[in-house]
Amino acid sequence: MSFVEPEERVALRQAVRDLAKRYGPDYVRRQAKAGLKSTELWDEVGRAGYLGVNLPEEYGGGGGGMADLAAVGEELARAGCPLLLIVVSPAICGTIISRFGTEDQKRKWLPGIADGSFTMAFGITEPDAGSNSHNITTTVRRDGDEWVLSGQKVFISGVDESDAVLVVSRTKDAATGNLKPALMVVPTDAPGFTKTLIEMEIAGPEKQFQLFFDDVRLPADALIGDEDAGLLQLFAGLNPERIMAAAFAIGTAKYALDRAASYAKTRTVWRDRPIGTHQGVAHPLAQAAIHVELAKVMTQKAAWLYDSGDDLGAGEAANMAKFAAADAAVEAVDQAIQTHGGNGLATEYGLAPLLAATRVTRIAPVSREMILNFVAQHTLGLPKSY
């Protein structure tokens, strides 16, 4: 592993940065207030090939890895215009299909995921299961040549702008009667599939939904991968999710620090000297920058391990990266607002909405408490606590 990114990724970052600058936070704010989506940005990023940079070339992707897609996500967030659905469509769903799908499934779904013309959401969380995926009750059963899906999901992002949802369900083991994970592609227009908007205080183009599956009938090829290997396949998608969540948090933190540093260099209050000359302002920003860089290094490690095929090592690093990046983002945004004083809460400066956006990174897609459980058990070898 090198701490110096290859020339191709450096060029990728610059290209994404240049594209994103033409949109920026004003575009996202304007779309959100109007109840619109980030469609123009999504389509342009897709046409440029950046959405599918991690997917195989033979299916329309860029042939890169999670480190490349994480760079795309980070740069979009740093420009103030993150695209949340990159986390779920190409990162989670695209990765799972490319690794475990049949040839027909890959050719059916991956080209559209790669260029953004086909968007796939991801459904795992349930009202009564929370962070405990072992309590998932959404089930799927065979009925002749079809599957029948029943259950519900909650806090599922972007369903209103998706063509399908990759749903984590469970099938009953005929021998033991135990339930085991199964990953099903469910078209959003399937009969029996309904959604309800969840009102959130976070202002953004992407919305959250509760989903209901009332005996939704699916074709045989709706199942992704081996029916008996669902858990392995599931975590093959959750590690990229954590890596991308970390990348988005890092990009958001850098956006906030960029704004704070710019303000601190120009805002003058005492003796014609900018406030950035005072250690009370400079040191907290410097400390936040250090924490962001430390989180970025762990994110790069997680992506490198994942791209190297080390799923176990990537799991540990991805959890740590997401934990560190979330804390770094919360700190950076808080200090950026403090640097601006009252202006930090003014609409003109665009920092206040990041309070809720970064705070949620400590909760989703996996809570900091569950990450601590993971590290305690798998890194330190302590007894399982749940």
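Just so you know, these numbers come straight off a predicted model, no measurement behind them.
The closest donor-acceptor contact from the side chain of Asp115 to the backbone of Arg47 lies at 3.5 Å or more, if one exists at all. Ser308 places a side-chain N or O within 3.5 Å of a backbone atom of Trp304 that can act as its donor or acceptor partner. Of the possible donor and acceptor atoms, none in the side chain of Glu74 sits under 3.5 Å from a partner among the backbone N and O of Ala71. Counting only distance, with no hydrogens or angles, the side chain of Thr171 and the backbone of Ala182 share no donor-acceptor pair below 3.5 Å. Side-chain atoms of Thr277 never come within 3.5 Å of backbone atoms of Arg273 as a donor-acceptor pair (strictly under, hydrogens ignored). Side-chain atoms of Ser150 never come within 3.5 Å of backbone atoms of Thr139 as a donor-acceptor pair (strictly under, hydrogens ignored). Looking at Ser38, its side chain never comes within 3.5 Å of a backbone N or O of Leu41 through a donor-acceptor pair. Looking only at distances, no side-chain donor or acceptor of Asn343 sits under 3.5 Å from a matching main-chain atom of Ala346. A distance-only check finds a donor-acceptor pair linking the side chain of Lys153 to the backbone of Ile124 [under 3.5 Å].
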| request: With side chain to side chain contact (heavy atoms under 4.5 Å, CB included) as the test, would you mind laying out the steps for Trp109 and Met120 before giving the verdict? | output: CA-CA 9 Å; Trp109 288 310; Met120 191 176 290; 4.2 Å; yes
Could you walk me through whether Leu218 and Val186 pass side chain to side chain contact (heavy atoms under 4.5 Å, CB included), step by step? CA-CA 7 Å; Leu218 303 168; Val186 184; 3.8 Å; yes
Yes or no on salt bridge (Lys or Arg N to Asp or Glu O under 4.0 Å) for Arg9 and Asp68, after CA distance, side-chain angles and deciding distance? CA-CA 6 Å; Arg9 192 172 306 137; Asp68 299 304; 2.9 Å; yes
Test Ile198 against Phe155 for side chain to side chain contact (heavy atoms under 4.5 Å, CB included), laying out the working first. CA-CA 7 Å; Ile198 302 173; Phe155 292 118; 3.9 Å; yes
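Under a cutoff of 6.0 Å and an axis angle of 45°, Lys384 and Tyr386 form a cation-pi pair.
Summarising the local packing, CG of Leu312 is surrounded by 12 or fewer heavy atoms from other residues, nucleotides or ligands at distances under 6.0 Å. Other residues, nucleotides and ligands contribute only 12 or fewer heavy atoms inside 6.0 Å of the NZ atom of Lys301. Surrounding CD of Glu103 are more than 12 heavy atoms belonging to other residues, nucleotides or ligands, all under 6.0 Å away. Counting heavy-atom neighbours within 6.0 Å of Asp145 CG, excluding the residue itself, gives a total of 12 or less. Atom CG of Asn135 has more than 12 heavy atoms from other residues, nucleotides or ligands within 6.0 Å.
No side-chain donor from either of Ser385 and Gln377 sits under 3.5 Å from a side-chain acceptor of the other. Checked by atom type, the side-chain pair Glu316/His378 shows no donor-acceptor distance below 3.5 Å. For the residue pair Gln152/Thr138, the side-chain donor-acceptor check at 3.5 Å is not satisfied.
Grouping the Ile, Leu, Val, Met, Phe, Trp and Tyr side chains by contacts below 4.5 angstrom, directly or via other members, places Leu69 with Leu166. Hydrophobic clustering of Ile, Leu, Val, Met, Phe, Trp and Tyr side chains at less than 4.5 Å, counting indirect connections, unites Ile113 with Ile96. By the criterion of side-chain heavy atoms lying less than 4.5 angstrom apart, applied directly or through intervening Ile, Leu, Val, Met, Phe, Trp or Tyr residues, Leu183 is not grouped with Leu211; the two fall into different hydrophobic clusters. Note on Leu285: it clusters hydrophobically with Val269, by side-chain heavy-atom contacts below 4.5 Å among ILVMFWY residues.
By the 30° and 60° cut-offs, the orientation of the rings of Tyr27 relative to Tyr23 is perpendicular. Note on ring orientation: taking the six-membered ring where Trp is involved, the planes of Tyr263 and Tyr349 are perpendicular (angle over 60°, cut-offs 30° and 60°).
To the nearest 0.5 Å, atom CD1 of residue Ile136 and atom OG1 of residue Thr125 are 8.0 Å apart. Separating the OG1 atom in Thr102 from the CZ atom in Arg107 is a distance of 10.5 Å, to the nearest 0.5 Å. A distance of 9.5 Å separates CD of Glu58 from OG of Ser98, quoted to the nearest 0.5 Å.
Under the rule for a salt bridge (charged side-chain N to carboxylate O under 4.0 Å, His left out), the partners of Arg142 that lie at least two apart in sequence or sit in another chain are Glu227.
Paired with Ile86 under the rule side-chain contact (heavy atoms from CB on, under 4.5 Å), one option of Ile92, Leu76, Asn54 passes, and it is Leu76.
Sorted by first and then second residue, the ring pair (Phe, Tyr, Trp, His ring centres under 6.0 Å) pairs with a member in residues 40-91 form an empty list; sequence neighbours excluded.
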